[in-house]
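Here's the structure, in structure tokens; my notes come after.
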Amino acid sequence: MTTDAGTDVFEEHRPVLLGVAYRMLGRVADAEDVVQEAWLRWSRADRSEVREPRAYLVRVTTRLAIDRLRQVKARGETYVGPWLPEPYVTDFGDRVPDTAERAVLADSVSVAVLIVMESLSPLERAVFVLREAFGYPYAEIAAMLDRGEAAVRQLAGRARRHVDERRPRYEVDPVQRRVLTERFLAAAAGGDLEQLMSLLAPDVRLIGDSGGRAKAPLRILESADHVGRFLAGVAQKGLADATFHFLEVNGGPALLIRTAGAPDSVFQVDVLDGRIQAVYVIRNPDKLKVLADV
């Protein structure tokens with residue numbers, strides 16, 4: 001395989017590799033670093049010995065992501081306030097023509113699922129991603145991770161139970177989420193507390209991620225009263241020179257707010273029975289860098 005041909009093969013599989021790495025790490029920059037390292041290993045490999053490039057590249061990427069995840073956990077990094085995954089622009093385009101497959105991929109990268117996955121071990125997370133998001137057979141996952149198939153099945157079962165037990169149940173209809181997001185924005189921007197309260201579930205939660213780098217709640221706000229009053233208070237203060245853009249991140253509609261042309265915050269909601277159950281607000285400037293050119 002020539003150098004140009006090797007590059008073409010890698011670029012063909014880059015979206016899948018980035019998808020695996022991001023689901024493993026929840027950080028776009030770390031995922032891109034892992035994919036870049038996978039490219040370096042691919043470029044140095046004896047590609048004449050590689051019969052299935054995609055399987056080879058996914059294996060390398062997964063192992064690199066496991067190593068990176070272990071390093072992060074070993075450092076015991078402290079994070080100021082609640083943590084949310086970096087916004088990940090999800091436009092599957094023609095790569096995922098099947099509606100059911102699109103729904104699975106969107107769910108596997110949703111904010112709610114990624115929050116739960118943070119509590120999995122690196123191996124459990126790898127098995128969960130490869131099995132649930134990408135549908136790899138247990139035997140292939142075992143070969144990728146140098147584990148026995150029985151052990152992989154146990155890891156998969158444990159991870160699946162953990163996620164199922166802790167993941168909140170939300171509706172995934174993008175149209176309904178978009179409509180409620182627009183109504184939510186209008187009510188918040190107008191400081192209409194009564195309208196806000198009508199959109200929020202009684203036990204709604206607001207999770208704000210600033211990393212201590214911007215203004216946001218340093219604890220999770222719970223109940224419609226607390227969340228509604230907080231949002232109404234923010235709206236009263238206003239944002240100078242703000243513009244609003246809808247885009248798809250983490251498998252669902254989200255609102256990107258720019259001030260002076262730069263990303264200021266991302267809002268996304270989860271919905272159940274026509275009411276907003278969760279509000280996610282990302283204001284950490286490091287996490288918003290990925291949206292600078294969106």
Side-chain angles (χ1 to χ4, degrees), residues 13 15-35 37-38 41 54-79 82-88 90 100-101 103-170 172 207 209 220 250-252 270 278 280 287:
H13 298 299
V16 171
L17 305 182
L18 187 59
V20 169
Y22 175 78
R23 287 168 174 81
M24 284 286 297
L25 299 164
R27 302 165 181 85
V28 175
D30 284 354
E32 290 175 341
D33 287 346
V34 162
V35 172
E37 179 61 29
R41 297 197 180 194
R54 176 179 169 125
Y56 174 88
L57 290 169
V58 169
R59 180 172 71 250
V60 170
T61 299
T62 300
R63 291 181 177 182
L64 289 170
I66 289 173
D67 290 342
R68 177 67 64 95
L69 196 56
R70 284 172 172 163
Q71 290 168 8
V72 170
K73 290 181 178 292
R75 287 198 299 266
E77 293 179 335
T78 57
Y79 195 80
W83 177 93
L84 291 172
E86 287 185 23
Y88 181 56
T90 47
E101 184 181 357
V104 169
L105 286 171
D107 181 65
S108 71
V109 81
S110 70
V111 172
V113 168
L114 289 174
I115 290 173
V116 174
M117 284 170 58
E118 278 292 291
S119 56
L120 297 177
S121 72
L123 273 177
E124 287 173 338
R125 190 159 181 164
V127 172
F128 182 85
V129 168
L130 294 173
R131 179 65 182 173
E132 300 295 331
F134 295 96
Y136 277 97
Y138 291 113
E140 288 190 37
I141 298 173
M144 290 181 186
L145 301 180
D146 282 337
R147 293 291 191 280
E149 186 174 341
V152 166
R153 287 179 179 273
Q154 288 183 340
L155 287 167
R158 190 159 60 238
R160 177 78 267 172
R161 287 192 299 273
H162 181 92
V163 173
D164 284 344
E165 290 169 359
R166 291 163 176 78
R167 175 176 58 180
R169 295 298 177 189
Y170 298 125
V172 296
I207 305 175
D209 181 335
I220 297 174
N250 294 86
D270 274 326
Y280 307 110
K287 294 187 175 183

Might you point out which heavy atoms bring Ala29 and Glu86 nearest each other, and give the distance in Å?
-> N-OE1, 3.8 Å
Output, in order, the C-alpha distance, side-chain angles, deciding distance and verdict of side-chain contact (heavy atoms from CB on, under 4.5 Å) for Met117 and Val129.
-> CA-CA 10 Å; Met117 284 170 58; Val129 168; 3.6 Å; yes
Closest approach of Pro82 and Tyr79, non-hydrogen atoms and distance?
-> O-CE2, 3.4 Å
Residues at least two apart in sequence or cross-chain that pass side chain to side chain donor-acceptor pair (under 3.5 Å) with His13, listed by chain then number, are none
Could you tell me whether the side chain of Pro85 reaches within less than 4.5 Å of the side chain of Tyr22, counting heavy atoms only?
-> yes
So do the side chains of Arg27 and Val72 get within less than 4.5 Å of each other, counting heavy atoms only?
-> yes
Side-chain heavy atoms of Leu120 within contact of Val163, under 4.5 Å = yes
Considering non-hydrogen atoms only, spot the tightest contact between Thr90 and Asn250 and give its length.
-> OG1-N, 3.5 Å
With sequence neighbours left out, write down each residue that passes side-chain contact (heavy atoms from CB on, under 4.5 Å) with Asp164, or none if nothing qualifies.
-> Arg160, Arg167, Arg169
Would you check, one step at a time, whether the test side-chain contact (heavy atoms from CB on, under 4.5 Å) holds for Arg68 with Asp33?
-> CA-CA 10 Å; Arg68 177 67 64 95; Asp33 287 346; 3.6 Å; yes
Leu130 side chain near Val58 side chain, heavy-atom distance below 4.5 Å = yes
One should read off an interatomic distance between Leu57 CG and Arg41 CZ, to the nearest 0.5 angstrom, of 12.0 Å
Please answer whether the main-chain N or O of Asp209 pairs with a side-chain N or O of Lys287 as donor and acceptor at a distance below 3.5 Å.
-> no
Quick one: closest heavy-atom pair of Val152 and Ala142, and the distance?
-> CG2-CA, 3.6 Å
Tell me, please, which residues at least two apart from Asp67 pass salt bridge (charged side-chain N to carboxylate O under 4.0 Å, His left out).
-> none
In short, Ala65 meets Leu25 closest at the heavy-atom pair O-CD2, 3.7 Å
Can you name the salt bridge (charged side-chain N to carboxylate O under 4.0 Å, His left out) partners of Arg54, sequence neighbours left out?
-> none
Side-chain heavy-atom pair Val111, Ile115 within 4.5 angstrom cut-off = yes
Would you please name every residue forming a salt bridge (charged side-chain N to carboxylate O under 4.0 Å, His left out) with Glu118, sequence neighbours left out?
-> Arg125
Contacts of Tyr56 that satisfy ring-ring contact (aromatic ring centres under 6.0 Å, His included) - sequence neighbours left out = Trp42
Please step through side-chain contact (heavy atoms from CB on, under 4.5 Å) for the pair Leu18 and Tyr88, ending with a clear verdict.
-> CA-CA 10 Å; Leu18 187 59; Tyr88 181 56; 4.1 Å; yes
Heavy atoms of Ala21 and Val35 approach each other most closely as CB-CG2, 4.4 Å
The salt bridge (charged side-chain N to carboxylate O under 4.0 Å, His left out) partners of Arg63 (sequence neighbours excluded) come to Asp146
ring-ring contact (aromatic ring centres under 6.0 Å, His included) partners of Tyr280, counting only residues at least two apart = none
Only counting residues at least two apart or in another chain, list the ones meeting side-chain contact (heavy atoms from CB on, under 4.5 Å) with Pro122.
-> Ile66, Leu69, Arg70, Lys73
For Glu140, check side chain to side chain donor-acceptor pair (under 3.5 Å) against everything at least two apart and list the hits.
-> none
Who are the side-chain contact (heavy atoms from CB on, under 4.5 Å) partners of Arg153, not counting sequence neighbours?
-> Tyr138, Glu149
Ser121: partners by side-chain contact (heavy atoms from CB on, under 4.5 Å), with sequence neighbours left out | Leu123, Glu124
Working to the nearest 0.5 Å, report the span between CZ of Phe128 and NE2 of His162.
-> 9.5 Å
